[in-house]
Every structure is written in structure tokens, then in C-alpha cells.
Amino acid sequence: MLVQAAPNAAPPPPPLVAERVSLTSVDGKGGKATALYGVWIKARKSLPTDKKGKFPTVIALHGCGGLYSMIRDGKGEFTPRHLAMARALTDAGYNVLFPDSFTPRGRRSTCQDSAAQREASVMNRRYDVQAALHWVTSQPDVDMSRVALLGWSHGASTVLAAMNLADTDVAVRKVQPRAAVAFYPNCQPYAKPGTPFKPAAPLLILMGENDDWTPPQACEAMEKKMEGSDTEIALRLYPDTYHDFDAPGLPVHVRMDINGIGKPGSGVTSGSNPDARAMAYRSMLNFLEAKLN
């Protein structure tokens, strides 16, 4: 039996056209080079502010679960979260580069690893950001005056580290992003009064109030510490919302394979909140529009 679509049913969105590109991440301290790759997806529309075919660009950093939901025949399939973000950004007129910090290093996920076990640590992934910034400078359709960083969880924590001008390797970087968006980062390293944190550009943090994986209290403390700073930090908290709230179709569940911060054996809660996701996307796009365009 044939099932016909309703007359007014919206057609499915056209497929994204993605290109795999090569990146070289160089450890600034030891000079060790790591061959990485990323997924490059071009903007699907022009904005009034675009200059001669040059578009604003977002470098998007995956979390500890990696970039892909599965890998077949050497080709990765984006998770629903990354696919949704790619569509939202390219439909809004942004190029997007997704650096893959894990697969080239032989890992699919590091969520269950201790900090000491993670070769692709937050601090090491700062150099992956540098590699991504270097790569986009060579692209003819990138407006280098309008580049932003975005990340989730471990990738969001990398965003904080990669934006911190208190670190010399960040401060001397020739290319600096104009804005940054962090979905549920771990703000603990920067929450203490004596820990220096000076973001290179305005920063938007999006979190669930009930997040017990990267609790928002540390980000609230960091925001308070930065009051009066000449660089904007905006924190948006969503009620009844947990970690991974923007991952489409992910049931709320407790992961007992992950320890809550300061609560060994307690597990962490993860799952979607479609309302919070819609509000966060709206805040993100408004923020990028204001800072990049």
C-alpha cells in the first residue's frame, strides 16, 4: 500500500554537503604535530553583511562522546545534535567547521576516561582550535573578521580554555574569534577568585539548571567574578533541564558509567528538553547575529 504525504506536508530539507578536510594540530609546548581532520559545511544562504562571497564561520567542538553516532566504511555519521546544529547554522548563513579531535587519535569517546587518561584533554584541544583557525584563514569564502567558537560539554570547556587570554599561547594568537558559545561547560577551573580568566571575545553560556554532570553553580560563580569586566559574559539557565538538553530525541536518563562532580558512584542525568533547546538556539543565533554581523 502506498502512503501519500499530506498535501501541505513540508518537503524534507535538502541534504547537507559536507567535505572532509585535513588539519594539523601542533602542541605549543612540545611541538608535537598531530594529523587531524574536520568536517566542513558551507553556508546555505547569504546575509546582507556578507562581503564579496565571504561568510561568517563557526568552529564547532564536539563533546566527550565524539562527533559521530556511528562509523561505517570509514565514514562517520553525525549525531543528531551535530546534524541539527549544522542545519541551524548553515541555514542562518554561517559556514561550519567541525574538527574531529578523537577519531584520528584512535578514540570514539572519552566520557568514561579519567582526566589523566585523556590524550585529547581540554588543554590539548586548545591546539586543535588553533589548527582549525589556521585552516579557515586559507578559505576564500571565510570572512576572518567574523569567526566564532562553539562547543558542547568537553568541547565547551575547550572553548573556555581556547578563549582565555590569561594563557600566553592564546594571547599571542594572531587570529582571535569574535564570539564564543558554550553549551554546558565545566566552569570549575575558572570559578575560583584567584584563577585568572579573561575571554578574548564575548561569551554566551547555555546550561540546564538541573545539570549534575557539569553543575551550573561554577559558571554562575565565574559570571559573578567577571562582573564589571570589559568583555561580556552571558549565562542562560533553563529550568527542569539537564546535560545534553539540546540533543534531539534523547530520553532523560541516568548514566551510572559517569561520576557526578564530587559525587563518585552517583551517576549523572542526561536528556533532551525540546523547549530549552528551542530557546537556546534562539539565544545562540541572536548572539551570533549581534556579535558577527
Side-chain angles (χ1 to χ4, degrees), residues 16-29 31-43 54-68 76 78-79 81-82 85-86 88-90 94-105 107 110 118-165 167 169-183 185 199-201 203-204 284 288 291-292:
L16 294 169
V17 179
E19 176 188 356
R20 178 165 146 167
V21 300
S22 297
L23 312 172
T24 302
S25 181
V26 180
D27 186 323
K29 296 180 180 179
K32 177 185 176 183
T34 302
L36 302 180
Y37 51 79
V39 178
W40 174 241
I41 308 174
K42 293 184 179 182
K54 292 182 179 290
F55 297 84
T57 299
V58 176
I59 296 170
L61 306 172
H62 61 74
C64 69
L67 190 55
Y68 310 112
F78 267 20
T79 67
R81 171 184 12 232
H82 299 123
M85 181 59 74
L89 290 175
T90 55
Y94 300 92
N95 297 321
V96 191
L97 175 64
F98 290 87
D100 184 351
S101 293
F102 289 175
T103 311
R105 292 183 169 106
R107 301 304 303 270
T110 63
R118 288 179 175 174
E119 177 187 356
S121 67
V122 163
M123 301 311 285
N124 284 344
R125 289 184 72 189
R126 287 186 309 166
Y127 304 116
D128 297 357
V129 172
Q130 178 68 20
L133 286 168
H134 178 75
W135 186 86
V136 297
T137 61
S138 66
Q139 302 310 301
D141 52 357
V142 172
D143 181 350
M144 285 309 301
S145 68
R146 296 187 291 162
V147 175
L149 301 183
L150 181 148
W152 295 267
S153 197
H154 192 271
S157 301
T158 300
V159 166
L160 300 186
M163 294 288 287
N164 188 10
L165 294 174
D167 289 322
D169 60 295
V170 175
V172 302
R173 190 168 56 204
K174 293 181 180 179
V175 179
Q176 297 288 3
R178 285 269 304 278
V181 180
F183 282 81
L203 171 65
L204 173 65
M284 172 193 72
L288 292 176
K291 305 308 176 186
L292 299 186

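Computed from a prediction, not measured in an experiment: that's the story for all the values here.
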A.B. asks: Locate the shortest heavy-atom distance separating Pro177 from Leu149; write the atom from each residue and the value.
C.D. replies: CG-CG, 3.6 Å
A.B. asks: For Ala43 versus Asn95, what's the shortest heavy-atom pair and its separation?
C.D. replies: N-OD1, 2.9 Å
A.B. asks: Do Thr34 and Leu23 make a side-chain contact, defined as non-hydrogen atoms from C-beta onward lying under 4.5 Å apart?
C.D. replies: no
A.B. asks: Closest approach of Val159 and Gly151, non-hydrogen atoms and distance?
C.D. replies: CG2-N, 3.7 Å
A.B. asks: For residues Asn164 and Leu160, determine if any side-chain heavy atom of one lies less than 4.5 Å from a side-chain heavy atom of the other.
C.D. replies: no
A.B. asks: Considering all heavy atoms of both residues, which atom of Pro199 and which atom of Leu165 are nearest to each other, and what is their separation?
C.D. replies: O-CD1, 4.1 Å
A.B. asks: Just do the side-chain contact (heavy atoms from CB on, under 4.5 Å) check on Val17 and Ile41 with the steps written out, would you?
C.D. replies: CA-CA 6 Å; Val17 179; Ile41 308 174; over 6 Å; no
A.B. asks: How long is the gap from OG1 on Thr158 to CE on Met163, to the nearest 0.5 Å?
C.D. replies: 13.0 Å
A.B. asks: Applying side-chain contact (heavy atoms from CB on, under 4.5 Å), can you list everything that pairs with Ala60, at least two apart in sequence or on another chain?
C.D. replies: Val96, Phe98, Leu150, Trp152
A.B. asks: Work out which heavy atom in Pro185 is nearest to a heavy atom in Ala156; give both atom names and the distance.
C.D. replies: CB-CB, 3.6 Å
A.B. asks: For a 4.5 angstrom cut-off between non-hydrogen side-chain atoms, does Val147 reach Ile59?
C.D. replies: yes
A.B. asks: If I take atom OG1 from residue Thr57 and atom CZ from residue Arg178, how far apart are they, to the nearest 0.5 angstrom?
C.D. replies: 12.5 Å
A.B. asks: For the side chain of Arg20 and the backbone of Gly38, is there at least one donor-acceptor N/O pair under 3.5 Å apart?
C.D. replies: no
A.B. asks: For the residue pair Phe102 and His62, is the inter-centroid distance of their aromatic rings smaller than 6.0 Å?
C.D. replies: yes
A.B. asks: Measure the shortest side-chain to side-chain distance between Leu61 and Pro99 over non-hydrogen atoms and say whether it is less than 4.5 angstrom.
C.D. replies: yes
A.B. asks: Any luck finding a side-chain donor-acceptor pair between Thr79 and His82 under 3.5 Å?
C.D. replies: yes
A.B. asks: Main chain of Val170, side chain of Gln176: is a donor-acceptor contact present, judged purely on distance under 3.5 Å?
C.D. replies: yes
A.B. asks: Any side-chain heavy atom of Val136 within less than 4.5 Å of one from Met144?
C.D. replies: yes
A.B. asks: I need the Tyr94 OH to Arg146 CZ distance, nearest 0.5 Å.
C.D. replies: 8.0 Å
A.B. asks: Check whether Arg173 reaches the backbone of Ala162 with its side chain - one donor and one acceptor, N or O, closer than 3.5 Å.
C.D. replies: yes
A.B. asks: Using every non-hydrogen atom in the two residues, find where Val122 and Ala161 come nearest and quote the distance to one decimal.
C.D. replies: CG1-CB, 3.8 Å
A.B. asks: Can you tell me how far apart CG (Leu292) and OG (Ser145) are? Round to the nearest 0.5 Å.
C.D. replies: 8.5 Å
A.B. asks: How long is the straight-line distance from OG of Ser157 back to CE of Met123, given to the nearest 0.5 Å?
C.D. replies: 11.0 Å
A.B. asks: Return yes if some donor-acceptor pair links the side-chain N/O of Lys54 with the main-chain N/O of Pro140 below 3.5 Å, else return no.
C.D. replies: yes
A.B. asks: Are the side chains of Trp135 and Gln130 in touch, meaning some heavy atoms are under 4.5 Å apart?
C.D. replies: no
A.B. asks: Mind checking salt bridge (Lys or Arg N to Asp or Glu O under 4.0 Å) for Asp167 and listing every partner two or more places apart, or none if nothing turns up?
C.D. replies: Arg126
A.B. asks: Can Arg105 and Asp100 be counted as an ion pair, charged N to O under 4.0 angstrom?
C.D. replies: no
A.B. asks: Find out whether Leu36 and Thr24 are in side-chain contact, i.e. whether some heavy atom of one side chain is under 4.5 Å from a heavy atom of the other.
C.D. replies: no
A.B. asks: A side-chain contact here means heavy atoms from C-beta on lying under 4.5 Å apart; do Phe78 and Leu67 qualify?
C.D. replies: yes
A.B. asks: State the OG-NE2 distance between Ser101 and His154, to the nearest 0.5 angstrom.
C.D. replies: 8.5 Å
